[in-house]
Chemist: 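Below is a structure I'd like to ask you about.
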Amino acid sequence: MIEETDFRQVATAWAEHKSRYVKRSTICNYELTLRNHLLPAFGASRDVTEEAVQRFVMEKLRAGLSHKSVHDMVVVLKMVSRFGAKHFGMKSLDWEIRFPTPRTGAELPVLSLRHHRRLLEYVKRNLTSRNLGILICLHTGIRIGEVCSLTWGDIDTAAGVISINKTIGRVYVVEEEGGGHTELSVTSPKTRNSYREIPMTRDLLQVLRPLKGKAFASDYVVTNRAKPTEPRTYRAYFSRLLTKLNIPHLRFHGLRHTFATRCIEGKADYKTVSVLLGHSKISTTLDLYVHPGNDQKKRCIDRMMKRLDNS
């Protein structure tokens, strides 16, 4: 490796190269990860060893960061290191990083059936633009960034489908002089699979059809104006609404979990649920939502034994 080249210089070159191929919001997240976590730990390093990365992982976990957050940091670290090996002669190391086994058994936060009905009935009776967004989420399971970026042109009442083709979020832009600022950014969806069409239920279609006829195609559904609302503002509204309805606190993302859970409870096939949610892999859907109880396990074993007895 060139003697004067350290990880910081390699990371700077990598970020500039990567910015040509990924979304602006993505490169902003990469740069934030570098500045806040990776450069303080590895910036002056000539080579990044497995022992150093393992120490970094354990320190971040002890500091209270989630497994996913730390894993994402390691992904960025690996990308920079591969780039350094290819272009700057850094040692290419195949690290084997060990993560402690995460705690399991925590249930996903979802609305109970009683609270689900209460929220659904309220937003239907009080159909403001903001409540309409919540109604759409209850019927489709779309993400908060997707509903905040949804425009009336994305809703096809003739075909009965909603097209998900963008998302909105606030990104942190790192500035060269060391500071930074945030921007609200409408971008392409989270992944390729997040581009999808979701059929509307008959009830949702009945609500949206007359409203669609009075709206401009470019207006955002949640504001009914040319300017969108941002997710953190919408989350705050949702939280206040739950308090008003005496429903236990639930993150907005819990609406997505609720939709998926109700689909699984209704015996929907897992592949279809995965496609509706825009998951890249059906395994994501299975890991999150499919947890057979003892009754289901017993029925499975009984069917197996019955087949043996009859063969």
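We count residues from 1, following the sequence as given.
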Chemist: Which heavy-atom pair separates Lys212 from Gly153 by the least distance, and what is that distance?
Modeler: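 So the two residues come closest at NZ-CA, 4.0 Å.
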
Chemist: Does any part of the side chain of Val221, heavy atoms only, come nearer than 4.5 Å to the side chain of Val147, both counted from C-beta?
Modeler: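 Result no, sub-4.5 Å side-chain heavy-atom pair not found.
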
Chemist: Which pairs count as side chain to side chain donor-acceptor pair (under 3.5 Å) when at least one residue sits in residues 197-209, sequence neighbours excluded?
Modeler: His139-Thr201

Chemist: State whether a side-chain donor-acceptor pair under 3.5 Å links Thr5 with Arg46.
Modeler: no

Chemist: Honestly curious: do Val275 and Met200 fall in one hydrophobic cluster under the side-chain, below-4.5 Å linking rule?
Modeler: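 No.
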
Chemist: For residues 159-166, dump all side-chain donor-acceptor pairs below 3.5 Å to protein atoms at least two apart in sequence or in another chain.
Modeler:
residue: Asn165; atom: ND2; partner: Asp154; partner atom: OD1; Å: 3.1
residue: Lys166; atom: NZ; partner: Ser149; partner atom: O; Å: 3.4
residue: Lys166; atom: NZ; partner: Thr151; partner atom: OG1; Å: 3.4
residue: Lys166; atom: NZ; partner: Asp154; partner atom: OD1; Å: 3.3
residue: Lys166; atom: NZ; partner: Asp154; partner atom: OD2; Å: 2.4

Chemist: Identify the two heavy atoms, one from Leu277 and one from Tyr289, that lie closest to each other, and give their separation to 0.1 Å.
Modeler: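 Nearest heavy atoms, Leu277 then Tyr289: CD1-CE1, 3.7 Å.
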
Chemist: Calculate, to the nearest 0.5 Å, the distance between atoms OH and CE belonging to Tyr30 and Met73 respectively.
Modeler: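 Rounded to the nearest 0.5 Å, the OH-CE separation comes to 14.0 Å.
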
Chemist: Just how far is it from atom CH2 of Trp14 to atom OG of Ser81, taken to the nearest 0.5 Å?
Modeler: 10.5 Å

Chemist: Same cluster or not: are Ile198 and Tyr195 linked, directly or through other Ile, Leu, Val, Met, Phe, Trp or Tyr residues, by side-chain heavy atoms under 4.5 angstrom apart?
Modeler: no

Chemist: May I have all residue pairs that pass side chain to side chain donor-acceptor pair (under 3.5 Å) and include part of residues 217-231, sequence neighbours excluded?
Modeler: Trp152-Asn224, Arg170-Glu230, Glu230-Arg232

Chemist: Could you give me the CA-CA distance, side-chain angles and deciding distance for Glu265 and Arg262, then say whether salt bridge (Lys or Arg N to Asp or Glu O under 4.0 Å) is met?
Modeler: CA-CA 5 Å; Glu265 289 172 351; Arg262 295 288 114 85; 2.9 Å; yes

Chemist: Is the backbone of Gly141 close enough, under 3.5 Å, to the side chain of Arg256 for a donor and an acceptor to pair up by distance?
Modeler: yes

Chemist: What about Leu138 and Leu113, same hydrophobic cluster or not, with Ile/Leu/Val/Met/Phe/Trp/Tyr joined at side-chain heavy-atom distances under 4.5 Å?
Modeler: no

Chemist: Among residues at least two apart in sequence or on other chains, which ones pass side-chain hydrogen bond (donor to acceptor under 3.5 Å, both in side chains) with Arg196?
Modeler: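 Glu146.
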
Chemist: For the residue pair Val222 and Leu150, establish whether any side-chain heavy-atom pair is separated by less than 4.5 Å.
Modeler: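 No; the side chains remain at least 4.5 Å from each other.
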
Chemist: Looking only at heavy atoms, which two atoms of Val273 and Ala268 are closest? And how far apart?
Modeler: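 Taking every non-hydrogen atom into account, CG2-CB, 3.8 Å.
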
Chemist: Any heavy-atom pair between the side chains of Phe42 and Val80 that's under 4.5 Å?
Modeler: no

Chemist: What is the minimum heavy-atom distance between Val57 and Phe99, and which atoms define it?
Modeler: CG1-CE2, 3.8 Å

Chemist: Counting C-beta onward and ignoring hydrogens, is there a side-chain heavy-atom pair between Tyr122 and Arg125 closer than 4.5 Å?
Modeler: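 Of all side-chain heavy-atom pairs linking Arg125 with Tyr122, at least one is under 4.5 Å.
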
Chemist: Between Phe252 and Leu184, is there shared hydrophobic-cluster membership here, with clusters defined by ILVMFWY side-chain heavy atoms closer than 4.5 Å?
Modeler: no

Chemist: What do the steps show when you test Thr272 against Asp269 for side chain to side chain donor-acceptor pair (under 3.5 Å), and what is the final call?
Modeler: CA-CA 6 Å; Thr272 300; Asp269 72 273; 2.6 Å; yes

Chemist: Heavy-atom distance under 4.5 Å between the side chains of Leu127 and Leu135, does that happen here?
Modeler: yes

Chemist: Do the side chains of Pro100 and Met58 get nearer than 4.5 Å, heavy atoms only?
Modeler: yes

Chemist: Would Arg24 and Glu183 count as a side chain to side chain contact (heavy atoms under 4.5 Å, CB included) if you check the C-alpha gap in whole Å, the side-chain angles of each, and the deciding distance to 0.1 Å?
Modeler: CA-CA 11 Å; Arg24 187 161 184 266; Glu183 293 180 359; 2.5 Å; yes

Chemist: What's the verdict on side chain to side chain contact (heavy atoms under 4.5 Å, CB included) for Arg118 and Ile247, showing C-alpha distance, side-chain angles and the deciding distance?
Modeler: CA-CA 9 Å; Arg118 184 184 301 173; Ile247 294 175; 4.1 Å; yes

Chemist: Nearest 0.5 Å please: distance from the OG1 atom of Thr261 over to the NE2 atom of His116.
Modeler: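 Spacing of OG1 (Thr261) from NE2 (His116) equals 10.0 Å.
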
Chemist: Under the criterion side chain to side chain contact (heavy atoms under 4.5 Å, CB included), I'd like the reasoning laid out for Glu50 against Val53: C-alpha separation, chi angles, the key distance, then a yes or no.
Modeler: CA-CA 5 Å; Glu50 181 175 295; Val53 178; 5.8 Å; no

Chemist: Hey, could you give me the SG/CZ distance between Cys137 and Phe238, rounded to the nearest 0.5 Å?
Modeler: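 Answer rounded to 0.5 Å: 8.5 Å.
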
Chemist: Which residues pass the side-chain contact (heavy atoms from CB on, under 4.5 Å) test with Thr243, sequence neighbours left out?
Modeler: none

Chemist: Classify the ring geometry of His253 against His257: parallel below 30°, tilted from 30° to 60°, perpendicular beyond 60°.
Modeler: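 It falls in the perpendicular class, over 60°.
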
Chemist: Looking at CD1 of Ile27 and NE2 of His17, how far apart are the two atoms once the value is rounded to the nearest 0.5 Å?
Modeler: 10.0 Å

Chemist: Could I get the full list of side-chain contact (heavy atoms from CB on, under 4.5 Å) partners for Ser274, not counting sequence neighbours?
Modeler: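 side-chain contact (heavy atoms from CB on, under 4.5 Å) check on Ser274 returns His279, Ile282, Thr285.
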
Chemist: Tell me if a side-chain donor or acceptor on Ser45 pairs with a main-chain N or O of Val48 at a distance below 3.5 Å.
Modeler: no

Chemist: Would you say the side chain of Arg143 lies within less than 4.5 Å of the side chain of Ser194, judging by non-hydrogen atoms?
Modeler: yes

Chemist: With clusters defined by side-chain heavy atoms of hydrophobic residues (ILVMFWY) lying less than 4.5 Å apart, directly or transitively, does Phe216 cluster with Leu132?
Modeler: no

Chemist: Just how far is it from atom CD1 of Ile168 to atom OG of Ser25, taken to the nearest 0.5 Å?
Modeler: 11.5 Å

Chemist: Ignoring hydrogens and geometry, is there a side-chain-to-backbone donor-acceptor pair from Glu59 to Phe56 under 3.5 Å?
Modeler: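 No; zero donor-acceptor contacts below 3.5 Å.
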
Chemist: Taking the six-membered ring of Tyr237 as reference, does the NZ or CZ atom of Arg130 fall below 6.0 Å from its centre and within a 45° cone about the axis?
Modeler: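 Verdict for Tyr237: a cation-pi partner in Arg130.
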
Chemist: Using a 3.5 Å distance criterion without hydrogens, assess whether the side chain of Tyr270 forms a donor-acceptor pair with backbone atoms of Ser283.
Modeler: no

Chemist: Determine whether Ile155 and Leu211 make a side-chain contact, defined as any pair of heavy atoms from C-beta on separated by less than 4.5 Å.
Modeler: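 No, side chains not in contact.
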
Chemist: With side chain to side chain contact (heavy atoms under 4.5 Å, CB included) as the criterion, how do Leu34 and Arg8 come out once you've worked through the C-alpha distance, each side chain's angles and the decisive distance to 0.1 Å?
Modeler: CA-CA 9 Å; Leu34 284 168; Arg8 184 181 302 276; over 6 Å; no

